[in-house]
Amino acid sequence: MDSTGTESSAGTGAEKDKAAVGLAKATPAPAPAPTTAEAPDIQSHDTFVIKKTLSLAAGEYVVSVARPDGSEGEPVAYAREKRLSLRGQVTVYTDASRKSVLAAFKGRDHEVGYMYDVRDASGQSFGSFYEDAGASFLRRTWQVRQPGTMKLTGRERSRVVAFVRFVWEFVPYLEYVPFIWPYRFKYTESGKPLMTVTKKLGLHTRYVLEILAPDIDRRLAIAHTLALDALEVD
């Protein structure tokens, strides 16, 4: 209080400043807003392991970077295929939360039979693939297209295993039983090997995708590998 009996406004202001500081310390800072997960850096990797687990309603795929010993390393992609839904459409996500799309493919009628366009999260096409029906009579054969880069022809290596798999599909109820015997697709361009997909031996569905060319879009290669399994029985 000053000589006139009035409280000092300066003193009151200082006390308000102290109170404001104390309030700021007591109030926690707001949590940062969630952000959409970024696509993992998969282009720098050459070998991936794809594992599939089955439930009554769906098949779930987890794609991991392969370690030097061949085991699964860091997961980089995830997909879930509803077993009772219309085949021909699969979305690949960056993780199991299914918040960020890595790639998606969907079939459409085409002069070659059934073409599968592969698109990114924005819907932009960056590749396609289709089964070569004529060449697939004895051994399943696929054509994989990456515009402006390369055209791959993927063919099952063993005629014997290809025939057994062909018969397997027509045996009642076996279509729901995983084919345990290993098989391998080899992808070439002008005779040069550029990619392989190997189904490993075992009761559990497991594939190894090996890419030998740095220009192959890993998203396209992963999407096509999933299609080899998801589209196996039409």
Side-chain angles (χ1 to χ4, degrees), residues 42 47-54 58-64 76-94 98 101-110 112-121 123-136 139-147 149-157 161-162 165-166 168-169 175-176 178-179 182-189 194-200 204-211 216-234:
I42 60 175
T47 308
F48 301 88
V49 178
I50 296 93
K51 290 184 66 176
K52 179 184 180 181
T53 57
L54 288 174
E60 297 186 353
Y61 300 89
V62 177
V63 183
S64 305
V76 293
Y78 172 89
R80 189 171 188 266
E81 181 210 10
K82 293 182 179 179
R83 300 182 67 185
L84 300 180
S85 67
L86 179 66
R87 290 182 178 271
Q89 181 174 358
V90 174
T91 301
V92 186
Y93 300 91
T94 58
R98 292 189 284 176
V101 174
L102 182 69
F105 64 85
K106 183 179 181 180
R108 60 181 172 86
D109 290 327
H110 193 267
V112 298
Y114 218 48
M115 175 76 74
Y116 297 88
D117 298 304
V118 187
R119 303 180 184 275
D120 60 19
Q124 184 68 33
S125 175
F126 59 87
S128 62
F129 54 84
Y130 65 91
E131 185 173 3
D132 190 333
S136 292
R139 288 185 293 172
R140 285 204 163 175
T141 302
W142 289 82
Q143 303 293 336
V144 181
R145 301 290 184 258
Q146 186 172 314
T149 306
M150 58 191 64
K151 299 178 180 180
L152 302 177
T153 298
R155 182 174 288 110
E156 208 166 350
R157 293 192 64 181
V161 176
R165 293 209 306 130
F166 176 80
W168 185 278
E169 294 181 7
E175 61 184 79
Y176 301 108
F179 186 79
Y183 55 86
R184 187 182 188 190
F185 279 83
K186 181 179 179 181
Y187 295 78
T188 62
E189 184 181 46
L194 298 180
M195 187 174 86
T196 61
V197 176
T198 304
K199 166 72 164 55
K200 308 301 287 185
H204 300 287
T205 304
R206 184 172 179 266
Y207 298 87
V208 174
L209 164 64
E210 186 176 7
I211 302 171
I216 294 179
D217 193 317
R218 273 49 176 168
R219 299 171 301 170
L220 175 60
I222 289 172
H224 175 64
T225 303
L226 296 180
L228 288 179
D229 186 272
L231 306 175
E232 185 65 29
V233 181
D234 295 318

- Item | Partner set under side chain to side chain contact (heavy atoms under 4.5 Å, CB included) for E189, not counting sequence neighbours |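 Residues passing side chain to side chain contact (heavy atoms under 4.5 Å, CB included) with E189: M150, K151, L152, L194.
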
- Message: Please enumerate all residues that pass side chain to side chain contact (heavy atoms under 4.5 Å, CB included) together with R219, with sequence neighbours excluded.
- Response: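 R219 satisfies side chain to side chain contact (heavy atoms under 4.5 Å, CB included) with I42, L102, A103, D120, F126, D217 once adjacent residues are dropped.
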
Grab the two heavy atoms, one from [X] and one from [Y], that are nearest each other, plus how far apart they are.
{"X": "A227", "Y": "F105", "answer": "CB-CZ, 3.8 Å"}
{"X": "P147", "Y": "G127", "answer": "CD-CA, 3.9 Å"}
{"X": "E156", "Y": "F185", "answer": "N-CD2, 3.6 Å"}
{"X": "A230", "Y": "E81", "answer": "O-OE2, 3.5 Å"}
{"X": "D132", "Y": "Q143", "answer": "OD2-NE2, 3.5 Å"}
{"X": "A79", "Y": "L226", "answer": "CB-CD1, 3.9 Å"}

- Task: Not counting sequence neighbours, which residues clear salt bridge (charged side-chain N to carboxylate O under 4.0 Å, His left out) with R218? List them please.
- Result: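 Here the qualifying residues are D46.
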
- Query: In chain order, what residues pass the salt bridge (charged side-chain N to carboxylate O under 4.0 Å, His left out) check against R206, with sequence neighbours excluded?
  - Reply: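 Here the qualifying residues are E72.
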
- Does the T141 side chain pair with the main chain of R139, one donor and one acceptor, at a distance under 3.5 Å?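 Yes; judged by distance alone, with no hydrogens or angles, the pair exists.
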
How far does [atom1] of [X] sit from [atom2] of [Y], to the nearest 0.5 angstrom?
{"X": "S128", "Y": "Y116", "atom1": "OG", "atom2": "OH", "answer": "12.0 Å"}
{"X": "M195", "Y": "T153", "atom1": "CE", "atom2": "OG1", "answer": "11.0 Å"}
{"X": "T91", "Y": "K106", "atom1": "OG1", "atom2": "NZ", "answer": "10.0 Å"}
{"X": "K51", "Y": "Y207", "atom1": "NZ", "atom2": "OH", "answer": "14.0 Å"}

Quick check: do [X] and [Y] have side-chain heavy atoms less than 4.5 Å from each other?
{"X": "W142", "Y": "L231", "answer": "yes"}
{"X": "T205", "Y": "Y61", "answer": "no"}
{"X": "Y114", "Y": "E131", "answer": "no"}

- Give me the one residue out of L209, T196, I211, V208 that meets side-chain contact (heavy atoms from CB on, under 4.5 Å) with T47.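 Considering L209, T196, I211, V208, a side-chain contact (heavy atoms from CB on, under 4.5 Å) with T47 is found only for V208.
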
- Looking at residues at least two apart in the chain, or sitting in another chain, which of them share a ring pair (Phe, Tyr, Trp, His ring centres under 6.0 Å) with Y187?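 With sequence neighbours excluded, Y187 shows a ring pair (Phe, Tyr, Trp, His ring centres under 6.0 Å) to H224, given in chain and number order.
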
- Item | Non-neighbouring partners of R98 that pass side-chain hydrogen bond (donor to acceptor under 3.5 Å, both in side chains), sequence neighbours left out |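 side-chain hydrogen bond (donor to acceptor under 3.5 Å, both in side chains) check on R98 returns nothing, list empty.
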
